[in-house]
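Below is one structure, written out as C-alpha cells, with a few remarks after it.
The chains referred to below are lettered A, B, ... by the order of the sequence lines, with proteins before strands, and numbering in each begins at 1. Keep in mind it's a predicted model, so treat the numbers as computed, not measured.
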Protein chains: 2
Amino acid sequence: MTKPIQKRAFATREKLLTAAKDLIAKESFEALRVEDVVRAAGVAKGTFFAHFKDKDALMEQIIGAHMADLIAETAKAPTPKDIPAMVELLLPLIHFMTSERYVFDVIVRHSGAAAISDIGPIAAQFDVQIALFARWAQEVPYRPDIAPELVGEGISAFFIQAIALNFCALNSRQALESRLSSYLDAWLCPE
Amino acid sequence: MTKPIQKRAFATREKLLTAAKDLIAKESFEALRVEDVVRAAGVAKGTFFAHFKDKDALMEQIIGAHMADLIAETAKAPTPKDIPAMVELLLPLIHFMTSERYVFDVIVRHSGAAAISDIGPIAAQFDVQIALFARWAQEVPYRPDIAPELVGEGISAFFIQAIALNFCALNSRQALESRLSSYLDAWLCPE
DNA sequence: TTATAAATTTGACCGTGGTCACTTTTGTCT
DNA sequence: AGACAAAAGTGACCACGGTCAAATTTATAA
C-alpha cells in the first residue's frame, strides 16, 4: 500500500456532491442529469462513476443526509404524549418524503440494507427512525405487550404505507395525516 | 367517429404481450429489453410505445396479471384459522414478489393508483388483496375494535414491510416468514 | 532527483428506453 | 369502386446512464 487515498479524490467528490445539491435546489431530484453534474463540477463523466457506483448511489447519499438532518431534529423534541402530537412531529419528514414521487421511490428502494456490512445512508436512517419510534413507544408506553423495537417497526411500516397510498388517488395532505392517525391509533392503542 | 378501434391493433398488442411473457420465462423480468420484445413480436419499436406508455406499463400489465392469478387462487382457500395458516396461504404470493428484486420494486412503485379513474392492474390487485384480508379478519374475527378494511390495510402494510426488510441484510426465507408472523401476531392479536 | 507503481482522471463510445414526422392500412360514405 | 379520414405502424433519431482502455497525476523509495 503505497498511496491509499489522495486528498484530490476527496475534493473531487465534494465538488460533485456540491454541484449536485445546487442543481437539485435549482430544479428537482427528478430533473438531475449526470451530465449536468459533471459539467457543473468541471470533471469528466467517467470521474463521476469512479466516485459513485451509479446515479442512484449519489441520490442515496444526498437524500440520506437530508433524512438524517430531519430525523435528528425530530429526535430533539420531547416524546409526543399522544398520536396527534406524534403525527405533527413527523410532518417535516413527511413533507420531504412526499415532495417528489421520485424521492419517495428512492427512499423505499433503499430502505433496507443491501448487506449487513454495507448499510447505506437511507437504510441507516430507517434504523435510527425505528429506534426513535421505539423510544417513544417505551416512554408513553404504548403496547406494553410487545417489544419496543417491534412497535417501532410497525410505526415505520404504517408511515410508509400512509405515504404510498397518498401518492395514489386524489388524496390531499389532510387525508395522509388522518390516515396515518388511524393507523397509529389502531396499532398503538388497540381495544 | 369513423373507426374507433381495429382488431389489428388488438392482435398486435397480444403479440407484444406474448413475446414479452416468453422472453421473461426464458430469462427474467429484469433482463427484458424492449428491442427484444419488438423483434420477437415482429413489429417496429414505435409500435410498442403506441400500445404501452413505457416499458414500465408493460411490466405492470404482466406482473399485475400474475398477481391476479395468485390472489384468486389464494382467495379460493377457506379462511385461515390462525396466523401460521395465514402465512402459509400467502407463500405463493411471497414467492413471486421475492423472486426478483426488480419485480418487488415494480409492485411497490405501482401499489397505489395514479388517479381514481385510472387504477392500474397492480393497484387493483392490492385493493383485492386488502378486501380478502378484511374478509379473513372479519370471519375469525381479529380486532373487533376496528373496521375490517383497516385490519386489511394493516396486514398489507406488514406484508410489504416484511418483504422489503427481507431484501436487505442476509435474511433467509425463514426469517421473512417468522418476521411476518411476529408482525401479524402483534397486529391481529394485541394484549 | 529520478524511477516506479498505484491512484485518479479522461472522453470517446455503447446500450437501451423513448420520440415523432412520415407511410401504410383500414373502414365508411357516396 | 373510388375518395377520404382516422387508426395503426414504421424506423431513423435522440437522450442519457454507464463503460473502459489509455493518459495523467501523485506519492513513495532508491
Side-chain angles (χ1 to χ4, degrees), chain A residues 1-21 23-24 26-63 100-103 105-106 109-110 114, chain B residues 1-21 23-24 26-63 100-103 105-106 109-110 114:
Chain A
M1 57 175 80
T2 25
K3 296 132 278 181
I5 195 154
Q6 302 179 357
K7 51 189 181 242
R8 173 175 58 144
F10 180 77
T12 303
R13 188 191 168 88
E14 287 308 300
K15 274 196 294 183
L16 285 167
L17 279 171
T18 303
K21 283 184 216 158
L23 289 170
I24 289 166
K26 259 183 267 180
E27 287 290 325
S28 68
F29 282 91
E30 166 133 50
L32 192 71
R33 298 286 169 264
V34 173
E35 294 197 5
D36 295 340
V37 175
V38 296
R39 182 161 2 94
V43 300
K45 203 175 192 179
T47 302
F48 180 96
F49 294 98
H51 286 270
F52 301 97
K53 182 181 162 294
D54 50 27
K55 184 183 169 184
D56 223 44
L58 171 74
M59 291 298 189
E60 200 187 349
Q61 292 298 323
I62 295 176
I63 292 174
E100 284 181 52
R101 176 73 214 223
Y102 177 82
V103 169
D105 285 344
V106 171
R109 190 154 4 99
H110 292 91
Chain B
M1 54 176 77
T2 27
K3 294 132 280 185
I5 196 156
Q6 302 181 358
K7 53 190 178 235
R8 170 175 62 145
F10 180 78
T12 302
R13 189 192 168 89
E14 287 308 301
K15 274 197 291 184
L16 285 167
L17 279 170
T18 303
K21 283 184 216 157
L23 289 170
I24 289 166
K26 260 183 266 178
E27 288 289 325
S28 66
F29 283 91
E30 167 134 48
L32 191 73
R33 297 285 168 268
V34 172
E35 293 198 6
D36 295 339
V37 174
V38 296
R39 183 161 0 95
V43 301
K45 203 176 194 178
T47 301
F48 179 95
F49 293 98
H51 285 271
F52 301 98
K53 181 181 164 295
D54 50 26
K55 184 183 169 184
D56 223 46
L58 171 74
M59 291 299 190
E60 200 187 347
Q61 293 298 323
I62 295 176
I63 292 175
E100 286 181 52
R101 175 71 213 226
Y102 178 81
V103 169
D105 284 344
V106 171
R109 191 156 2 102
H110 292 91

Rounding to an integer number of Å, can you tell me how far K7(A) NZ sits from dT25(D) P?
16 Å

To the nearest 10 degrees, how far apart in direction are the end axes of the helix from dT1(C)-dA30(D) to dT30(C)-dA1(D), each fit to five base pairs?
10°

Under 4.0 angstrom, heavy atoms only, what part of the nucleic acid is A50(B) near: base, sugar-phosphate, or nothing?
nothing

Give the rounded distance in Å between these two atoms: CZ of R13(A) and P of dA7(C).
17 Å

Protein-nucleotide distance (R8(B), atom CZ; dT10(D), atom C1'), rounded to Å
12 Å

Of the options dG18(C), dT10(C), dT10(D), whose atoms approach the side-chain atoms of D54(B) most closely?
dG18(C)

Does a nitrogen or oxygen in the side chain of H51(A) sit under 4.0 Å from OP1 or OP2 of dT9(C)?
yes

For a quick test of reading the model, state the closest non-hydrogen atom pair linking A19(A) to A40(A) and the distance between them.
CB-CB, 3.9 Å

For E30(A), which residues count as a side-chain contact (heavy atoms from CB on, under 4.5 Å) partner, sequence neighbours excluded?
S28(A), E100(A), Y102(A)

Identify, with sequence neighbours excluded, every residue that meets side-chain hydrogen bond (donor to acceptor under 3.5 Å, both in side chains) alongside R13(A).
none

Grab the CE-P distance between M59(A) and dG18(D) for me, whole Å please.
11 Å

Whole-Å distance between dT16(C) P and D56(B) CG?
17 Å

Electrostatic pair D105(A)-R101(A), nearest N-O below 4.0 angstrom
yes

Applied to residues 45-54 of chain B, the side-chain hydrogen bond (donor to acceptor under 3.5 Å, both in side chains) test, sequence neighbours excluded, yields E35(B)-K45(B)

Which heavy atom of A20(A) sits nearest a heavy atom of I62(A), and at what distance?
CB-CD1, 3.8 Å

Sub-4.5 Å side-chain heavy-atom contact between K55(A) and V37(A):
no

Any chance you could measure F52(B), atom CZ, to L17(B), atom CG, to the nearest 0.5 Å?
4.0 Å

Under 3.5 Å, N/O pairs linking protein and nucleotides 19-23 of chain C:
none

How many angstroms lie between atom CZ of R109(B) and atom CG of D56(B), to the nearest 0.5 angstrom?
4.5 Å

Given atom CD of E27(A) and atom P of dC16(D), what is their separation to the nearest angstrom?
12 Å

If I take atom CG from residue D36(A) and atom CZ from residue R39(A), how far apart are they, to the nearest 0.5 angstrom?
5.0 Å

Residues of residues 30-40 of chain B with a heavy atom under 4.0 Å from any atom of DNA chain D, listed by number, are none

Taken to the nearest 0.5 Å, the spacing of K7(B) NZ from E14(B) CD works out to 15.5 Å

